[in-house]
Amino acid sequence: MGKKYDFQKIEKKWQSVWRREGTYEPSFGKAQKPFYNLMMFPYPSAEGLHVGNMYAFTGSDVYGRFKRMQGYDVFEPMGLDGFGIHSENYALKIGAHPMKQAKISEKRFYKQLEVIGNGFSWNERLETYDPDYYKWTQWIFVQMFKNGLAYRKKQPVNWCPSCKTVLADEQVLQKSQIPNPKSQTNSKSQIQNHKHEIRIGVCERCDTPVVKKELEQWFFRITKYAGRLLKNLGTQQGGGIDWSERVKIAQRNWIGKSEGAEIDFEIAGGVAPSYVLLHGYTGTPKNDFRPWLKKELERRGAKVHIPSLPHTKNPRVAEQVEFVLKNVPFNKNTVILGHSLGAIVALKVLEKLKQPVRSTVLVAGFTENNFLDHDRFDEQTFDWKFDAKRIRANAGDLRILRDTTDAIVPPNQAWKLQNLFGGVITEFAAQEPHVCGKEEPEVLRSCIDSIRVFTTRPDTLFGATYMVLAPEHPLVASLLAADSRRLDADSRGILKNKDEVKKYIEKAKKKSEEERTAEGKDFSTGTGQAKTGVELKGIRAINPATKEEIPVWVADYVLAGYGTGAIMAVPAHDERDWEFAKKYKLPVKMTVCPHYPAQTCPILDTAYEGEGHLVDSGKFNGMASETAKWEITKFVGGARKTQYRLRDWLISRQRYWGPPIPLVFCEHCAAQINADGTRINADNIGENLRSNRRKSAFTKGELENPGWIAVPEDKLPVRLPFVKDFQPKGKGESPLGTVKSFYETKCPKCGGKARRETDVSDTFLDSAWYYIGYLATSDKRQGKVNPFENSLAKKWLPVDTYIGGAEHSVLHLLYSRFLALALQDIGVLHFSAKGGSAPGGEEPFTKFRAHGLLIKEGSKMSKSKGNVVNPDEYIRKFGADTLRMYLMFLAPFEQGGDFRDSSILGISRFLERAWKLFANQRHGAGDMEQVRKKGELDRLLHKTVKKVTEDIENLRYNTAISALMILLNKIEETNPPMSHVACRIFPKLLAPFAPHLAEELYQTQIDADRKAADKRGYVSIHLEQWPIYDPKLIEEKTFTLIIQVNGKVRDTMPAPAGTSEQEAKEMAFDSGKIKGFIHGGKIVKTVYIPGRLINIVTESC
RNA sequence: GGGCAUGUGGCGGAAUUGGCUUACGCGUAGCACUCAAAAUGCUAUGGCCUCACGGCCGUGUGGGUUCGAGUCCCACCAUGCCCACCA
């Protein structure tokens, strides 16, 4: 009898040795082969770690230990994602303050994490609520803001009435509910007699139904990166980053690329009776797009005036305005268009007009005396102050065209115009920079009232029989606001049922997601939902293909946030449009395309009382759909367009427990930007204005969000104050809004009175950069290093292997990628080239694997079911090694596992047996039989090394463990004299799974050796070399030849390796069993698979 | 409604990627040790037929390809996860 396997003693002992020796602390600066092995850090919200966390951490740790033994300098950090709603709600629940509770949770979590025995670099841990950490979270916000990637916008957002905060789209879960007829009083008959479920959006944390609330919020412009985020994922065929395919698919779907076209539908009466085109500096009525535009407008029946402005080479705006007012008639139906300097003239004209015009178009306009290509205009001849109020009142519908290729007008001028005068900006690339092409279709479009739609099926355009606008579409508001100024002769383009429309829109806006879904579901179709809508009476659009006038509707089945917020409805080819058309008796016209031959159109097959009929698409009749798409787009002057489903990242949270958003609002600076363009850059006079890089007094973010000023970087962090009453207030404002000493501050720009932003940022911002933070924890604590400029970041990033839950597919993982790309673009983050030129060298996580879900006896673990397994109990009873190994043995790590109490005994027995065998070594003198067996055992040993190595690399821990069991069984069975080498290999193979036991066994062996020769001191097994197998030893000398007759196994016999087909045949026919099965039947052929089997095929088969 | 998985003994799961289905473990039964139990060890363990030798049938269902299919193709069924009025 040897020593007893006292796991408690062993585990405690080695954990303290490892900690003391710094076994898992890589040498950051000197590391030769840095390997960043990252595991998603936990949010310490609940009662402590549950076994699911432990499952995931262990899986990552096994891999890290394996890589460490393979000679890599492995960095395996751990920290806590302690900010955020999870922790805050937990504190609320138990009546504690999150700031204090955090410290308590922290202790408990770290203790638990240590007891598991993972090889974490304990010196480098971080907590997101540490001011030294969130200082940099805020710093990121400032970088995003400065570079125009953060903006403020008022829009309906997801609001959780229970958490009293907004939620990102990604945080709203769709949940099915069986409708309860009693509570659905407003949707009566539709719901009865149906088993259908309805979907409602609920808060991912508390399950409360989410409502829409209109709030002004901060957003990060993730949409700008949609294309790159998608591209780096690669395609279904392959390429892209090495990630679990299911996560890549989830991200692809979430980004949701679709390719189609944008097509304009003119509104009937959308061409104004008269136009005034004002040219710019050195321009004439005859140059640029003006002659073409005049022709186009006149062709449509309009009268076009292009005054030849005086002193065009030495302009004096006042004189030009006088000239225009004298020579051109204006009325309520005039459209005034100003190009470049002509835009200034137009604005000044508007100041002087007695009554409003129909609409104003500013093409490549500006408000400031600054240009990219030439010097300023003479200050004396210009008045750069604008009467914004008068201009707003007189401009009618204001349209601002921003040319993205413009080399003259600075890029921010369009926003400035919008800030001053309102209006809608359209960005486009002009035919010639600064909109100087002979034909500029975008300009023509802006002169005519039209509706732009996005469609993926332009090939069905001939079948578009009506249009639908989202309730939030700007045209709807504009029509509702329009007075009678458009009441011209035929009174077209005037909304006749304003009240009805207004009512519908108000109702739609008020509707919560729940209500919309509940009352929108149409069970009669089985698939879709009953759509509601209202016609814009008096408004007709012209189908650009058929030239037919079609009605225009408003309906909330069209989403404002996607595409252009307007659609062309093709009821014959789109199920949603079909339902709507059926309900409101709208015409259905089918186009002929190979997808839906006339007779089998799936939608028209169903009974419809109205007349569905074929439309003649002229030369496009029957054209292949893919060809027709682009041909028809060209035919109607549309443009190909790629659309993404992805929305910008809503980052504000009206909660307490998070990093305050590091911005202040300053009325004074807002006024500067809004009211008077010239003063903003007053300090720039005399500068070389040709440079577009010149210093501006305001950053991009500040110009785009007037009044919002970033807290200077040296003033970070903006500390979260201790607020006793941190309960969310539910008024759309964070509890910080009640703390005067917090929000009252001075503007960093002008020194005046200012108010701090009182919202905090989304938790996902904290976790989006923590992998960078880990590399600066030591230095950061000394307050020295910017984690982003830290040389270690360059050396160790990107992360080599990242393991985590698939539930973060579209949250954390997408945000982290976005931020990594953005920060690299901004120039504050640099990755090493250690990943080589692998796809996505700019990506933060080179390899990502999603682990599976750990369930308990077939069902999901949850507090409500009361089946959550507490790991502490099992560790006490069986030891951490046993629990670790058991969890890894359950099933493939990427698939998940089913935790069953009973089966843990198998692992427990296995480790006991390993202990018995190796802790109490037996060196028996061998007889001949044992020597022979030893040869076999050596082969098995090397085969096991191969198998375990390959399996761990592929995260197939269950089969690696099974291989170890087979090896142990065999050793016990043969009880051979084992070499010192073999006695070391087994513990090494065991080390990633059962680190404590392996260390103990190994050190026992070393001690034995040491007595003989080896004088080395303590070297942890976890820093030793991973075993290498000898391929020659693995080769088998014999194999089992399988003999089949007609594909059925009839006999097996041992055969030497390298048996030829002829030899195998002879062996097969010699077998008495085989003869019986052939029955003398004629042999058609034999199939021989070398080293495996021979199959005899007879005639009767 | 769409997308992605998965479906193998009483259970968790293996299967060299088209070649002996059920490795490894749990459970169960029997035996050994024990006064007895636990622990441990040994043996057996897919179903059906047979005293037996042995045979037949078996990887959700139905078809197909192949000398040979758990694996590939088609259709269907079931379960799970993700998404969902995205034009």
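To find a chain, count down the sequence lines: A is the first, B the second, and so on, and within it residues start at 1. The figures that follow rest on heavy atoms only: side chains count, while hydrogens, waters and symmetry mates do not.
- Between Met965(A) atom CE and G13(B) atom C1' the separation is 12 Å, expressed in whole Å.
- The side chain of Ile249(A) lies closest to C4(B) when the candidates are A23(B), A87(B), C4(B).
- Proximity note for Asn1095(A) (side chain, C-beta onward) versus A87(B), G19(B), C20(B): the nearest is G19(B).
- Side chain of Thr959(A), nearest nucleotide from C20(B), C24(B), A15(B): A15(B).
- Distances shown here put every side-chain N or O of Arg1050(A) at or beyond 4.0 Å from the OP1 or OP2 atom of G54(B).
- Applying the 4.0 Å criterion to OP1 and OP2 of C85(B), one finds that Lys531(A) has every side-chain N and O outside that range.
- For Thr1040(A), no side-chain nitrogen or oxygen approaches OP1 or OP2 of C20(B) to under 4.0 Å.
- A cation-pi arrangement is found for Arg640(A) relative to Trp630(A), the charged atom lying closer than 6.0 Å to the ring centre and inside a 45° cone about the ring normal.
- Phosphate proximity of A14(B) to Asn958(A): present, with a side-chain N or O under 4.0 Å from OP1 or OP2.
- Gln895(A) has a side-chain polar atom (N or O) that falls below the 4.0 Å cut-off from OP1 or OP2 of G13(B).
- With G3(B), G12(B), G19(B) as the choices, the nucleotide that has an atom nearest any side-chain atom of Arg1092(A) turns out to be G19(B).
- Side-chain nitrogen and oxygen atoms of Arg909(A) include at least one within less than 4.0 Å of the OP1 or OP2 phosphate oxygen of U40(B).
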- Item | Residue pair Lys877(A), Asp901(A): steps toward the salt bridge (charged side-chain N to carboxylate O under 4.0 Å, His left out) verdict | CA-CA 12 Å; Lys877(A) 210 161 156 193; Asp901(A) 280 352; over 6 Å; no

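- Look at Asn969(A) and you'll find a side-chain N or O under 4.0 angstrom from OP1 or OP2 of G25(B).
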